[in-house]
Amino acid sequence: MSKLSYARYGKDNIRLYKVDKDEKTGVQTVVEQTVRILLEGDIETSYTRADNSVVVATDTQKQTCYILAKQNPISPPESFAAVLGTHFVEKYPHIHAAHVKIIQHRWTRMTIDGKPHPHSFLRDGEEIRVVESLTTEGKGISLRSKIEKLLVLKSTGSAFHGFHRDEYTQLGETWDRILSTEVEAGWQWKTFETLAEAQAVDFDAAWQAARDITLKTFATDVSASVQATMYKMCDQILAALPLVEAVDYSLPNKHYFEIDLSWHKGIKNTGKDATVFAPQSDPNGLIQCTVTREGPSAKL
Ligand SMILES: O=c1[nH]c(=O)c2[nH]c(=O)[nH]c2[nH]1
């Protein structure tokens, strides 16, 4: 005897582009996303008995995504994820939960001759804005917003000393090092009971605040370690966003090694004389944390 213990299905990699045209000013605004929809519910028989009557085809899910994108704003992505999830759970009585993931790609307006261009954009980096949502029948909407692939580096203002030492330790202490990471930061919102409640939130302002705090703290903190700097980021984001219950970071420590060049005519390239470094692709440190609030969680 066997038992189906996990079943979700849906459409992944739905690529979506929407343009908003302001007829008065001629200014156009574009959004590009990659959407994943996964549904859960009374769908076991489609696996165990080839019963397709319970299957909302993944093609239907894709078509729905396009239609809802036409009928609703798709930005902020948190709001569109909530629209999509709510649709599937409300439309189909046997679908009880919808997982929606949206990746929003960067299209940043070009500045031409010092002025924002009305309809031209550039991909200024691989950074993405991500939303992971779960809409559950009778249990509301869970949203997690993320920044991913935001590559940063500071050439000084970072130290690492005082760490545990034993017979396995080779690393020297440093009071001045290069610090570089690819930021993956997430913030979990309180559960929204209704779509309207979720849509009342200014998710764009929250994303901007989280990003600004990340960059400002990275740049200005005299870093004792990745751990200490990321905790400061989490703490400030929780303070800035009252509806957020938890903030998490996952930061690779992308190492830059000093190169000893003394073998060549005694060139000084270590310690305070180090200017040429060898960037390392692997292995890398990986430092993670989640920070939550003490006391009761935020209420709308
Ligand atoms: O900020 C750091 N945290 C660590 O835990 C660590 N470990 C290491 O080798 N270098 C660093 N740097």
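One-based numbering, in listed order, for ligands and for the atoms of each.
- Checking Ser223, Ser158, Ser155 one by one against Arg177, the side chain to side chain donor-acceptor pair (under 3.5 Å) holds for a single residue, Ser158.
- With Trp107 as the aromatic partner, Arg123 meets the cation-pi criteria of under 6.0 angstrom to the ring centre and within 45 degrees of the ring axis.
- A salt bridge between Lys62 and Asp12 is absent, with no side-chain N of the basic residue lying under 4.0 Å from a carboxylate O of the acidic one.
- Summary of contacts: the protein heavy atom closest to atom 12 (N) of ligand 1 is Arg177 NH1, 3.0 Å.
- Annotation: His255 places no N or O atom under 3.5 Å from an N or O atom of ligand 1; distance criterion only.
- In this structure, the protein non-hydrogen atom closest to atom 9 (O) of ligand 1 is Leu171 CD2, 3.4 Å.
- Atom 6 (C) of ligand 1 has as its closest protein heavy atom Phe160 CZ, 3.3 Å.
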**Request:** Please lay out, stage by stage, how Trp175 and Phe160 fare under the test ring-ring contact (aromatic ring centres under 6.0 Å, His included).
**Result:** CA-CA 6 Å; Trp175 278 257; Phe160 188 58; over 10 Å; no
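- Geometrically, ligand 1 and Ser225 share no nitrogen or oxygen pair separated by less than 3.5 Å.
- Close approach of ligand 1 to Val226 is summarised as follows: ligand atoms under 4.0 Å from at least one heavy atom of the residue are 1 (O), 2 (C).
- The pair Glu245-Arg144 does not count as a salt bridge, with every side-chain nitrogen at least 4.0 angstrom from each carboxylate oxygen.
- Here Arg129 does not pair with Glu148 in a salt bridge; the nearest charged N to carboxylate O distance is not below 4.0 Å.
- Shortest contact from atom 3 (N) of ligand 1 to any protein heavy atom: Gln227 OE1, 2.9 Å.
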